[in-house]
Novice: 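Below is one structure. I have some questions about it.
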Amino acid sequence: QVQLVESGGGLVQVGGSLRLSCADSGRPFSHYNMGWFRQAPGKEREFVAAITRAGGRYYLDDSVKGRFTVSRDGAANTIYLQMGDLKTEDTAVYYCAAGGSPSKLVSNYDYWGQGTQVTVSS
């Protein structure tokens with residue numbers, strides 16, 4: 001059973017940075033492609049980033065390209081979302097997810113964390 005736990009969220013000012021972590025406390029998620037999604041109040045959950053099993057390829061939504069990076073540490077069983085030049089529109093609950101393909105689709109992921117709140121203030 002994969003059990004994902006996100007951490008690293010918080011309150012930051014516009015232009016600031018945060019690094020989110022997602023660790024698996026259950027079965028190692030090296031078998032899975034991993035994704036980051038976010039959901040703002042009143043909006044649907046949306047894709048942010050994805051990274052393949054071995055970490056060799058990654059994908060970023062156009063809205064975060066040049067500002068966010070995604071990486072994974074297999075030994076630590078953890079993936080990261082490094083966020084920079086944050087904007088107020090980045091405010092959301094951020095979720096990591098594990099699935100069979102590095103997809104932009106919520107439905108392609110089988111396991112989800114509980115989410116961590118990121119708030120960007122102006």
Side-chain angles (χ1 to χ4, degrees):
Q1 182 76 17
V2 175
Q3 297 175 327
L4 305 176
V5 179
E6 302 96 336
S7 61
L11 175 65
V12 64
Q13 291 188 330
V14 168
S17 300
L18 280 175
R19 188 178 78 160
L20 304 184
S21 301
C22 173
D24 179 14
S25 61
R27 177 184 179 184
F29 57 45
S30 59
H31 301 284
Y32 298 93
N33 294 293
M34 302 296 296
W36 283 100
F37 290 76
R38 63 187 180 187
Q39 188 166 18
K43 295 187 177 181
E44 293 187 351
R45 193 165 298 189
E46 64 179 14
F47 171 78
V48 176
I51 188 165
T52 55
R53 291 179 179 85
R57 299 185 69 178
Y58 63 90
Y59 308 89
L60 296 167
D61 185 76
D62 287 345
S63 64
V64 304
K65 282 181 181 177
R67 301 188 298 121
F68 291 12
T69 59
V70 58
S71 60
R72 70 190 299 164
D73 182 339
N77 217 32
T78 301
I79 64 167
Y80 303 97
L81 184 68
Q82 179 68 49
M83 306 186 295
D85 190 23
L86 284 162
K87 305 176 181 181
T88 55
E89 51 263 43
D90 295 318
T91 295
V93 177
Y94 283 71
Y95 299 89
C96 69
S101 61
S103 169
K104 295 183 178 182
L105 299 178
V106 170
S107 58
N108 279 15
Y109 292 85
D110 303 308
Y111 302 98
W112 292 83
Q114 83 290 346
T116 185
Q117 176 70 47
V118 171
T119 303
V120 184
S121 65
S122 58

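Owing to the predicted nature of the structure, the values given are computational and were not obtained by experimental measurement. Keep in mind that the numbers below use all heavy atoms, side chains included, and drop hydrogens, waters and symmetry copies.
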Novice: To the nearest 0.5 Å, tell me how far F68 CZ sits from W36 CH2.
Specialist: 11.0 Å

Novice: For the OG1 atom of T91 and the CD atom of Q117, what is their distance to the nearest 0.5 Å?
Specialist: 7.5 Å

Novice: Tell me whether Y111 is reachable from I79 by hopping between hydrophobic residues (I, L, V, M, F, W, Y) whose side-chain heavy atoms are closer than 4.5 Å.
Specialist: yes

Novice: Checking R72 side chain against T52 main chain: does a donor-acceptor pair fall under 3.5 Å?
Specialist: yes

Novice: Would you call K87 and D90 a salt bridge, taking side-chain N to carboxylate O under 4.0 Å as the test?
Specialist: no

Novice: Between Y109 (side chain) and C96 (backbone), is there a donor-acceptor pair under 3.5 Å?
Specialist: no

Novice: Could you grab the distance from atom CG of L105 to atom CZ of R45, nearest 0.5 Å is fine?
Specialist: 14.0 Å

Novice: Identify whether L81 and L11 are in the same connected component of the hydrophobic contact network (ILVMFWY, side-chain heavy atoms under 4.5 Å).
Specialist: no

Novice: Please test D61 against V48 for side chain to side chain contact (heavy atoms under 4.5 Å, CB included), starting from the C-alpha separation and ending with a verdict.
Specialist: CA-CA 5 Å; D61 185 76; V48 176; 5.6 Å; no

Novice: What's the shortest heavy-atom distance between T116 and G9, and which atoms?
Specialist: OG1-N, 3.2 Å

Novice: Between A92 and A40, what is the shortest heavy-atom contact and its length?
Specialist: CB-N, 3.8 Å

Novice: Measure the OG-CG distance between S17 and L86 for me, rounded to the nearest 0.5 Å.
Specialist: 6.0 Å

Novice: Determine whether Y95 and L4 satisfy the following criterion, side chain to side chain contact (heavy atoms under 4.5 Å, CB included), listing intermediate values before the conclusion.
Specialist: CA-CA 9 Å; Y95 299 89; L4 305 176; over 6 Å; no

Novice: Please report the interatomic distance OG(S71) to OH(Y58), rounded to the nearest 0.5 Å.
Specialist: 10.0 Å

Novice: Answer yes or no: is there a donor N or O on one side and an acceptor on the other, between the side chain of D85 and the main chain of G15, under 3.5 Å?
Specialist: no

Novice: Determine whether more than 12 heavy atoms belonging to other residues, nucleotides or ligands lie under 6.0 Å from atom CD of E89.
Specialist: yes

Novice: Quick one, V118 with R38, criterion side chain to side chain contact (heavy atoms under 4.5 Å, CB included). Give me CA distance, side-chain angles, the key distance, then yes/no.
Specialist: CA-CA 9 Å; V118 171; R38 63 187 180 187; over 6 Å; no

Novice: Is the centre of the F47 ring less than 6.0 Å from the centre of the Y59 ring?
Specialist: no

Novice: What pair of heavy atoms forms the shortest contact from S21 to T78, and how long is it?
Specialist: CB-CG2, 4.2 Å

Novice: For residues V93 and G115, report the shortest heavy-atom separation together with the two atoms involved.
Specialist: CG1-CA, 3.8 Å

Novice: Quick one: does E6's side chain have a donor or acceptor within less than 3.5 Å of a partner on Q114's backbone?
Specialist: yes

Novice: Under 6.0 Å from the CD atom of Q13, do we count more than 12 heavy atoms belonging to anything else shown?
Specialist: no

Novice: Measure the OG1-CD distance between T69 and Q82 for me, rounded to the nearest 0.5 Å.
Specialist: 5.5 Å

Novice: With a 4.5 Å cut-off on side-chain heavy-atom distances among I, L, V, M, F, W and Y, is there a chain of contacts connecting F37 to V70?
Specialist: no

Novice: Give the cluster check for I51 versus V5: same hydrophobic cluster or not, with ILVMFWY residues linked at side-chain heavy-atom distances below 4.5 Å.
Specialist: no

Novice: Considering non-hydrogen atoms only, spot the tightest contact between L18 and G8 and give its length.
Specialist: CD2-O, 3.8 Å

Novice: Cation-pi check for Y80 against R19: NZ or CZ below 6.0 Å from the six-membered ring centre and within 45 degrees of the axis, yes or no?
Specialist: yes

Novice: Give me the atom names and distance for the closest heavy-atom approach of D110 to G100.
Specialist: OD2-N, 4.2 Å

